[in-house]
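Written out below as structure tokens is the structure these notes cover.
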Amino acid sequence: LIARLEQAQDAIRTQGQNTRLKKRVGDDLARRLSEHTEALKSRRSKIIATDSVPLHAWSEVKSEVKSSASVRLLDECLLYLQAAYSRGPGAVADLCEITDALMDELARNGKSVEWKSFSVFAAEDSFDVLKQIIRIRYPLSGVWDIPVAVHEFGHFLSGHLEHRREDGSASLIFEEHKKSFVPPREAKQAPAGQEPLQVGLQANGSGKDWPAWLDEIFADVFATYAAGPAFACSCLLFRFDPGSAQEESDGKHPSYAKRAYVILSTLRRRNNENPGRSRLGPIIAVLESSWRSACDAAGTSPDVSDEDKPWIDGQVSNLYDMLKTDEGGLRFDAWEAAENKVSWLQTQ
């Protein structure tokens with residue numbers, strides 16, 4: 001294990017690295033690797049000095065080899081080296097840099113989280129909860145891929161979003177919201193005078209993982225709240241498949257039609273507020289028209305049922321209010337930059 005950790009240190013030390021990534025992540029990772037290795041060497045030295053093997057030594061060694069600390073460190077090294085290579089010679093490093101800078105800016109403007117991680121390439125966009133790493137789709141084909149990373153940052157924020165009470169105590173408000181959340185149809189079906197059923201995995205045989213659904217809605221609301229039209233354009237003009245607008249196959253993600261409705265509803269909510277009231281109207285019209293035309297061309301419907309709309313509206317309202325109350329500094333406010341892009345978008 002010591003040899004493996006030393007090899008990892010050598011790899012980090014000799015890898016031609018992006019300077020900013022090294023300062024943000026590499027130096028701290030190298031320090032933790034060194035401390036972990038020295039702790040193992042110290043324990044080995046103590047055993048050597050006693051000239052005998054304690055009865056518990058073998059179980060400790062077995063535990064250490066498989067321990068989460070060692071495995072996590074080596075896994076972090078692999079991910080870090082992947083990220084370093086992706087920013088090396090022959091890579092389009094500027095897009096990765098912009099993505100990392102965007103995550104830094106979000107964390108800097110927010111109150112609930114500190115971001116000391118980085119992004120790595122993967123087959124699909126995702127957020128690794130255990131390693132606290134954002135995975136972005138490889139390769140980055142252009143600037144329109146970048147706002148999607150804000151959605152993944154939303155998954156990071158969701159478990160840390162803090163609400164400060166008047167007495168100074170704090171609560172993880174979105175986590176509490178999930179615990180008290182009631183699936184839409186269950187809420188309607190509860191008999192008079194009876195409490196509605198609470199959320200649960202595969203609730204009532206619906207085939208839906210409702211906590212995962214709520215996480216996705218939160219991430220979409222957050223990304224629209226924080227990145228504004230940029231995220232909406234990435235999704236509705238670039239990423240969402242109109243041919244699959246109504247599909248919900250995995251039980252964990254709302255359909256593209258529902259997600260588009262969430263995103264546009266959030267954008268309208270922001271458009272009704274000062275500063276900049278009504279100034280996002282033109283871009284909202286472009287997005288709605290484009291998404292509907294794409295779905296029509298694909299022979300699908302962009303619409304959300306009248307039964308689902310009130311529930312989705314309620315979720316958007318609740319989540320938006322959470323963010324506005326507890327993370328006001330993250331609210332999108334780059335109105336002039338957004339307006340300058342409208343005429344360009346209309347020609348694409």
Side-chain angles (χ1 to χ4, degrees), residues 95 98-113 115 117 119 122 124-129 132-137 140 142-161 174 177 212-241 252-271 273 280 283-284 287-288 291 312-313 315-335 337-338 341 345:
L95 295 178
I98 293 170
T99 303
D100 283 344
L102 180 58
M103 300 303 102
D104 290 344
E105 181 180 336
L106 290 171
R108 187 168 59 250
N109 292 338
K111 298 186 299 183
S112 299
V113 295
W115 178 252
S117 193
S119 58
E124 293 294 339
D125 304 288
S126 65
F127 174 67
D128 190 322
V129 177
Q132 303 284 282
I133 285 179
I134 288 176
R135 302 179 188 273
I136 53 178
R137 189 175 70 174
L140 283 172
V143 71
W144 288 112
D145 276 313
I146 293 173
V148 179
V150 184
H151 171 98
E152 303 307 333
F153 190 91
H155 286 302
F156 168 61
L157 175 66
S158 67
H160 300 83
L161 183 62
F174 178 65
H177 177 69
W213 258 55
L214 208 56
D215 276 328
E216 291 300 322
I217 293 174
F218 177 90
D220 278 340
V221 171
F222 169 74
T224 311
Y225 173 86
F231 175 69
C233 289
S234 288
C235 292
L236 274 66
L237 303 180
F238 185 58
R239 285 295 193 95
F240 285 5
D241 176 13
K252 295 183 178 182
H253 293 78
S255 67
Y256 287 131
K258 289 188 177 75
R259 292 186 62 191
Y261 185 84
V262 167
I263 291 167
L264 289 169
S265 295
T266 305
L267 211 54
R268 286 193 199 93
R269 180 76 179 264
R270 182 62 187 92
N271 193 43
E273 297 178 341
L280 283 183
I283 196 66
I284 292 173
L287 289 165
E288 283 186 308
W291 175 243
I312 295 176
D313 288 337
Q315 293 304 315
V316 170
S317 179
N318 286 336
L319 299 178
Y320 191 98
D321 286 344
M322 284 182 200
L323 291 166
K324 187 177 177 181
T325 300
D326 298 301
E327 289 293 357
L330 287 172
R331 189 175 62 158
F332 174 77
D333 200 22
W335 299 110
K341 293 297 181 186
L345 278 174

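Side-chain atoms are counted along with the backbone in the values below, which use heavy atoms only and exclude waters and symmetry mates.
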- Task: Apply side chain to side chain donor-acceptor pair (under 3.5 Å) to Arg108 and list each qualifying residue two or more places apart in sequence or on a separate chain.
- Result: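 Partners of Arg108 by the side chain to side chain donor-acceptor pair (under 3.5 Å) criterion come out as none, since no residue qualifies.
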Kindly give the heavy-atom pair with the smallest separation between [X] and [Y], and that separation in Å.
X      : Y      : value
Lys111 : Asp326 : CE-O, 2.9 Å
Arg270 : Asp333 : NH2-OD1, 3.5 Å
Phe332 : Pro229 : CE2-CD, 3.4 Å
Leu330 : Leu106 : CD2-O, 3.0 Å
Ser234 : Trp144 : OG-O, 2.7 Å
Ala107 : Trp115 : CB-CB, 3.3 Å

- Message: If you apply the rule side chain to side chain contact (heavy atoms under 4.5 Å, CB included), what do you find for Phe127 with Phe153, and how did you get there?
- Response: CA-CA 7 Å; Phe127 174 67; Phe153 190 91; over 6 Å; no
Hey, does [Y] have a side-chain heavy atom less than 4.5 Å from the side chain of [X]?
X      : Y      : answer
Leu319 : Phe222 : no
Leu157 : Leu323 : yes
Ile134 : Phe156 : no
Tyr261 : Val316 : no
Cys233 : Leu287 : yes
Glu216 : His155 : yes
Arg239 : Val148 : yes
Arg135 : Glu152 : no

I need the [X] [atom1] to [Y] [atom2] distance, nearest 0.5 Å.
X      : Y      : atom1 : atom2 : answer
Lys324 : Ser317 : NZ    : OG    : 10.5 Å
Thr266 : Asn271 : OG1   : CG    : 12.5 Å
Leu267 : Ile284 : CG    : CD1   : 4.5 Å
Thr224 : Arg259 : OG1   : CZ    : 9.5 Å

- Task: Show your reasoning for whether side chain to side chain contact (heavy atoms under 4.5 Å, CB included) applies to Arg268 and Leu280.
- Result: CA-CA 8 Å; Arg268 286 193 199 93; Leu280 283 183; over 6 Å; no
- Message: Assess, by modelled atom type and distance only, whether the side chains of His151 and Asp220 contain a donor and an acceptor separated by less than 3.5 Å.
- Response: yes
- Message: Between Gln315 (side chain only) and Ile217 (backbone N and O only), is there a donor and an acceptor less than 3.5 Å apart?
- Response: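 Judged by distance alone, no pair lies under 3.5 Å.
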- Task: Under the side chain to side chain contact (heavy atoms under 4.5 Å, CB included) rule, what do Ser265 and Ile312 come out as? Steps first, then yes or no, please.
- Result: CA-CA 9 Å; Ser265 295; Ile312 295 176; 5.7 Å; no
- Message: The criterion is salt bridge (charged side-chain N to carboxylate O under 4.0 Å, His left out); which residues satisfy it with Lys252, sequence neighbours excluded?
- Response: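 Checked Lys252 against salt bridge (charged side-chain N to carboxylate O under 4.0 Å, His left out); zero matches.
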- Query: Between Asp313 and Arg269, is there a side-chain N and carboxylate O pair less than 4.0 Å apart?
  - Reply: no
- Message: Quick check on the 6.0 Å ring-centre criterion: do Tyr320 and Tyr225 meet it?
- Response: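 Yes, the ring of Tyr320 comes within the 6.0 Å limit of the ring of Tyr225, centre to centre.
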- Task: Under the side chain to side chain contact (heavy atoms under 4.5 Å, CB included) rule, what do Tyr256 and Leu236 come out as? Steps first, then yes or no, please.
- Result: CA-CA 9 Å; Tyr256 287 131; Leu236 274 66; over 6 Å; no
- Message: Using 30° and 60° as the class boundaries, would you call the ring planes of Trp291 and Phe240 parallel, tilted or perpendicular?
- Response: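 Perpendicular.
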